[in-house]
Amino acid sequence: MSNYRDDFLEDSYYLVSNKWFNGNVLFSNADDYKTFMLYVIENLLEYKSLVLSAYSMVPNHFHLVIRNTEKGLKLSDFMRKIQVSYAMYVKKTKDESNRWVPVFEWRFKAKLIEPNDLERIESCVSYDPLYHELVEDIKNWPYTSAHQVTDTWYDYSTQMHIKIYNENRKISKKMFTEDEHLH
């Protein structure tokens with residue numbers, strides 16, 4: 001991760017992502033997912049100008065759809081804090097032979113989302129575990145925002161979750177095809 005920071009546009013949505021260095025597993029167990037989620041929640045509380053509208057975490061990468069409400073560097077700072085914190089967690093808890101291997105493939109990617117693409121991108125992010133064939137039913141994957149914008153059938157009392165604000169936009173697994181997927 002470099003010290004380079006982007007100046008992001010105000011009142012704009014960004015698709016933010018990163019993956020594990022060399023394609024390895026970024027999240028190997030429930031504690032890894034929950035730890036990463038805690039870092040996101042903690043930093044969202046600090047960066048009030050950032051709003052999360054969709055997310056998904058799968059074993060080797062994550063996607064976040066974030067609304068940036070003010071012009072500036074806050075999204076860069078937000079992601080730096082999350083990724084540095086998670087990298088430190090990984091270095092403490094994982095195999096010591098990987099101590100000097102980077103955790104993330106790159107600093108992070110942030111792609112501006114055009115307004116007419118927002119619902120489709122939120123759907124793609126939320127249903128990413130189905131695309132990767134991790135589960136047959138999204139109900140069986142707790143680390144996605146799909147549960148918050150489709151039905152109330154997921155029991156959050158057993159899982160930690162991130163509060164998202166997508167202004168009642170509907171997501172659907174039918175809104176994308178493999179050709180249009182995020183990767």
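Because the structure is a prediction, the values reported are computed rather than measured.
- Rounding to the nearest 0.5 angstrom, the gap separating the CZ atom in Arg67 from the CD1 atom in Ile113 is 12.5 Å.
- The distance from atom CG of Leu44 to atom CD1 of Ile66, rounded to the nearest 0.5 Å, is 6.5 Å.
- Each of Gln83, His63, His61 was scored for a side-chain hydrogen bond (donor to acceptor under 3.5 Å, both in side chains) with Asn18, with one residue passing: Gln83.
- Checked by atom type and distance alone, the side chain of Thr69 pairs as donor or acceptor with a backbone atom of Ser49 at under 3.5 Å.
- Among Ser53, Ser145, Ser56, the one residue that satisfies the side-chain hydrogen bond (donor to acceptor under 3.5 Å, both in side chains) test with Ser126 is Ser145.
- Atom OH of Tyr89 is separated from atom CG of Leu38 by 10.0 Å, given to the nearest 0.5 angstrom.
- In this view, Lys81 and Glu46 satisfy the salt bridge (Lys or Arg N to Asp or Glu O under 4.0 Å) rule, not counting sequence neighbours.
- Atoms CE and CG, on Met37 and Asp32 in that order, are 12.5 Å from each other to the nearest 0.5 Å.
- When every heavy atom of Tyr127 is checked against every heavy atom of Ala146, the shortest pair comes out as CZ-CB, 4.3 Å.
- Taking the salt bridge (Lys or Arg N to Asp or Glu O under 4.0 Å) definition, one finds that Glu42 meets it with nothing, sequence neighbours left out.
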**OP:** Might you work through the side chain to side chain contact (heavy atoms under 4.5 Å, CB included) test for Ile82 and Phe108, ending with a clear yes or no?
**Re:** CA-CA 11 Å; Ile82 291 169; Phe108 67 91; over 6 Å; no

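- Ile138 contributes atom CD1, which lies 4.5 Å from atom CG of Leu130 (distance to the nearest 0.5 angstrom).
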**OP:** Start with the C-alpha distance between Met79 and Leu64, add both sets of side-chain angles, then the distance that settles side chain to side chain contact (heavy atoms under 4.5 Å, CB included), and finish with yes or no.
**Re:** CA-CA 10 Å; Met79 289 308 301; Leu64 308 171; 4.0 Å; yes

**OP:** Assess whether side chain to side chain contact (heavy atoms under 4.5 Å, CB included) is satisfied between Val40 and Tyr55, documenting all intermediate values.
**Re:** CA-CA 10 Å; Val40 171; Tyr55 68 92; over 6 Å; no

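- Using a 4.5 Å heavy-atom cutoff, the side chains of Leu134 and Pro59 are in contact.
- For the residue pair Pro129 and Trp141, the shortest heavy atom distance occurs at CG-CD1, 3.2 Å.
- The ring-ring contact (aromatic ring centres under 6.0 Å, His included) search around Phe27 returns Tyr33, Phe36, Tyr86, not counting sequence neighbours.
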**OP:** Apply side chain to side chain contact (heavy atoms under 4.5 Å, CB included) to the pair Lys71 and Asp11, showing each step before the final yes or no.
**Re:** CA-CA 8 Å; Lys71 183 175 171 55; Asp11 202 27; over 6 Å; no

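- In this structure the side chain of Glu70 never reaches within 4.5 angstrom of the side chain of Asn68, judged on heavy atoms.
- Annotation: side chain of Val90 is not in contact with side chain of Thr35 (no heavy-atom distance under 4.5 Å).
- Taking 4.5 Å as the limit, every side-chain heavy atom of Thr144 sits out of range of all side-chain heavy atoms of Asp128.
- Once rounded to the nearest 0.5 Å, the distance linking OH of Tyr14 with CG of Leu75 reads 7.5 Å.
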